[in-house]
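So the structure is just underneath, and the comments pick up after that.
Reckoned from all heavy atoms, side chains included, excluding hydrogens, waters and symmetry mates. In what follows, residues are counted from 1 in the order of the sequence shown.
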Amino acid sequence: MAVDKDVLELDLYGLLGIGEKASEKEVKKAYRQKALTCHPDKNPDNPRAAEVFHQLSQALAVLTDAAARAAYDRVRKAKQQAAERTRKLDEKRKKVKLDLEAREREAQTHDSEEEETRITRSLEQEIIRLREEGSRQLEEQQRLIREQIRLEREQHGQGRQEGSGVEGRITPKLKLRWKCGKEDETGGGYSKDVLLRILQKYGDVLNLLVSSRKTGSAVVEFATVKAAEMAVKNEVGLVHNPLKISWLEGQPQHSPSTGLPGSTGQPRTSQASVVSERDYESLVMMRLRQAAERQQLIEQLQREDEAESHA
C-alpha cells in the first residue's frame with residue numbers, strides 16, 4: 001500500500017469519524033461505511049470522490065497497523081501538546097516580561113521541537129515500511145467494498161445493462177515500467193504477485209502481462225476506466241524502485257496525455273516503437289482471454305461427462 005507522507009497532516013480519526021481508542025474492528029467498520037458513500041464508481045460526477053477515497057485508504061492502512069498507528073498517535077499527541085504549550089506561553093507573555101523567563105521558554109520550545117522531529121521521523125519510517133510491504137488490511141477491505149458494490153449493481157439490474165455493451169468496448173490498459181537489470185532474478189522487486197497486490201486495490205484487474213522480452217516492463221488491463229485513472233494518479237510503487245505508469249489504451253479524453261504516441265509526453269522519434277509494443281501486447285492480452293475461455297469450456301464439458309457417467 002502506497003502511504004503518502006501527507007498523512008502526517010491528516011486527522012485520520014476524524015476522517016473515519018471514530019475515537020482514538022477505537023478497536024481494529026471499529027476502524028474497519030467505519031472505513032467500509034465511509035468508503036461506500038464516496039467510492040469513485042458510485043460517484044462518477046464528483047471530482048473529489050477519488051481524493052477522499054484515497055485519504056480513507058491512507059487512514060485504514062495506518063490505523064490497522066499497530067506500529068504505524070502507535071507512531072501516528074505519538075505525532076498527534078506531540079502536536080496537541082505543542083499547541084497547549086503555545087497557548088499557555090501566550091498567556092504567560094501577557095504577564096511575564098523578564099528576560100530570564102523568556103530564555104527558559106525559548107529553551108523549552110527548542111527541546112519540544114527536537115522531540116516532535118524525532119517522533120515525526122518515527123512515523124515517516126513506518127509509512128515507508130507500509131509503502132514497501134503493502135497493507136493486507138486495506139487490500140482485504142477494498143476487496144469487500146468492490147464485492148458489495150458489484151452485488152448492489154446486480155440487485156438493481158445494472159450489471160446486465162452494462163454487460164450488453166461490453167463486447168467491442170476498449171478496456172483500459174496501462175504500461176508499467178521500472179528499473180531492472182537483465183541479470184536481476186528479483187525483477188527489480190516486482191513479481192507478478194507483487195504487481196497484482198499493488199494494483200488490485202484500485203479495482204478489478206482483468207489481465208496482467210509481465211514482459212518476457214523487455215525487463216522492467218508490464219501491461220495491466222483494468223475492468224473500469226476509473227480504476228485505471230486512480231492507479232495512474234496515485235500509485236508510486238516501491239520506494240527504492242518507483243513505478244512509472246502511463247496509458248496504453250482506453251484513456252478518457254478528459255485525462256491528460258501520459259505517454260501516448262503523438263502526445264506531449266511522448267517524443268516523436270519513438271512513436272513507431274510504442275505503437276508496435278501496444279499492438280503486440282494487445283494481441284497477447286486477447287489470446288490470454290481466449291485461452292482462459294477455452295479452458296473453462298473444457299472443464300465444463302468434463303464435469304458434464306462425469307455427471308452423465310455417474311447417472
Side-chain angles (χ1 to χ4, degrees), residues 1-43 46-87 112-146 197-198 201-203 226-227 229-239 242-243:
M1 159 66 193
V3 180
D4 302 331
K5 285 190 176 182
D6 292 342
V7 74
L8 295 171
E9 306 301 325
L10 297 177
D11 179 4
L12 303 185
Y13 294 104
L15 274 173
L16 295 176
I18 57 176
E20 296 180 3
K21 303 297 183 181
S23 65
E24 183 175 304
K25 183 177 180 180
E26 291 171 331
V27 171
K28 293 178 184 178
K29 180 179 178 181
Y31 168 78
R32 288 194 299 271
Q33 291 174 344
K34 295 280 186 179
L36 276 173
T37 62
C38 69
H39 195 283
D41 287 351
K42 299 186 71 173
N43 298 271
N46 185 354
R48 289 202 67 248
E51 178 184 352
V52 176
F53 181 77
H54 184 61
Q55 290 179 349
L56 290 172
S57 300
Q58 304 279 300
L60 178 70
V62 172
L63 298 183
T64 54
D65 184 278
R69 181 173 182 175
Y72 172 78
D73 286 344
R74 288 194 294 271
V75 170
R76 192 167 187 266
K77 184 177 180 181
K79 288 184 176 181
Q80 292 173 345
Q81 291 174 343
E84 180 64 18
R85 284 194 298 270
T86 300
R87 185 186 65 80
S112 64
E113 288 176 350
E114 290 184 346
E115 174 65 11
E116 184 174 345
T117 300
R118 183 185 66 79
I119 60 179
T120 298
R121 287 175 180 169
S122 174
L123 176 56
E124 290 175 349
Q125 291 171 354
E126 294 300 333
I127 289 174
I128 291 174
R129 179 182 62 78
L130 280 177
R131 177 179 291 172
E132 294 177 341
E133 296 178 359
S135 171
R136 289 187 296 274
Q137 298 285 1
L138 175 59
E139 292 164 3
E140 175 62 15
Q141 293 303 313
Q142 290 187 338
R143 185 188 67 79
L144 294 175
I145 291 292
R146 293 195 301 271
R197 187 185 70 189
I198 290 174
K201 63 177 175 284
Y202 297 108
K226 180 62 67 176
E229 285 185 308
M230 290 180 64
V232 171
K233 178 181 179 182
N234 298 308
E235 190 54 53
V236 297
L238 304 177
V239 172
L243 278 176

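The distance from the OG1 atom of Thr117 to the CD atom of Glu124 is 9.5 Å, given to the nearest 0.5 Å. Summarising the geometry, atom CG belonging to Leu56 is positioned 11.5 Å from atom CD belonging to Gln33; distances are rounded to the nearest 0.5 Å. Rounding to the nearest 0.5 Å gives a distance of 9.5 Å between OG1 of Thr120 and CD1 of Ile127.
Remark: the Asp73 side chain and the Tyr13 side chain contain an N/O donor-acceptor pair separated by less than 3.5 Å. For the residue pair Ser122 and Arg74, a side-chain donor N or O sits within less than 3.5 Å of a side-chain acceptor on the partner.
Around CZ of Arg121, the count of heavy atoms belonging to other residues, nucleotides or ligands within 6.0 Å does not exceed 12. Residue Lys79 qualifies as enclosed at atom NZ: its count of foreign heavy atoms under 6.0 Å is above 12.
In this structure, Glu51 and His54 have side chains that are not in contact, with every pair of non-hydrogen atoms separated by 4.5 Å or more. Looking only at side-chain heavy atoms (C-beta outward), Asn234 and Tyr202 come within less than 4.5 Å of each other. Residues Gln141 and Arg32 form a side-chain contact, since some pair of their non-hydrogen atoms from C-beta on lies under 4.5 Å apart.
Salt bridge annotation for Arg76-Asp11: present, with a cationic side-chain nitrogen under 4.0 angstrom from a carboxylate oxygen. Checked for salt-bridge contact, Glu229 and Lys233 miss the test: no charged N lies under 4.0 Å from a carboxylate O.
For the side-chain contact (heavy atoms from CB on, under 4.5 Å) test with Leu15, the passing option among Val52, Leu60, Leu63, Leu10 is Leu10; the others fail. Lys201 pairs in a side-chain contact (heavy atoms from CB on, under 4.5 Å) with only one of the listed residues (Met230, Arg143, Glu235), which is Glu235.
The two residues Ala67 and Glu126 have their closest heavy-atom pair at CB-OE1, 3.4 Å. A pairwise comparison of heavy atoms in Pro40 and Ala50 identifies CG-CA, 3.8 Å as the closest pair. The heavy-atom pair separating Arg69 from Ala22 by the smallest distance is NH2-O, 2.7 Å. Minimum heavy-atom separation, Ile18 to Ala30: CG2-CB, 3.6 Å.
For Lys42, the salt bridge (Lys or Arg N to Asp or Glu O under 4.0 Å) partners at least two apart in sequence or on another chain are Glu152. Considering only residues two or more places apart in sequence or on other chains, Arg118 meets the salt bridge (Lys or Arg N to Asp or Glu O under 4.0 Å) condition with Glu115. Considering only residues two or more places apart in sequence or on other chains, Lys34 meets the salt bridge (Lys or Arg N to Asp or Glu O under 4.0 Å) condition with none of them.
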Show, in sequence, the C-alpha distance, side-chain angles and deciding distance for Val236 and Leu243, and conclude whether the side-chain contact (heavy atoms from CB on, under 4.5 Å) test is met. CA-CA 5 Å; Val236 297; Leu243 278 176; over 6 Å; no
Under the side-chain contact (heavy atoms from CB on, under 4.5 Å) criterion, do Arg129 and Asp65 qualify, and how do the steps go? CA-CA 11 Å; Arg129 179 182 62 78; Asp65 184 278; 2.5 Å; yes
Take Tyr31 and Ile145 through the test side-chain contact (heavy atoms from CB on, under 4.5 Å) and record every step on the way to the result. CA-CA 10 Å; Tyr31 168 78; Ile145 291 292; 4.3 Å; yes
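Between the side chain of Asn43 and the backbone N or O of Thr37 there is at least one donor-acceptor pair closer than 3.5 Å. Side-chain atoms of Glu26 come within 3.5 Å of backbone N or O of Ser23 as a donor-acceptor pair.
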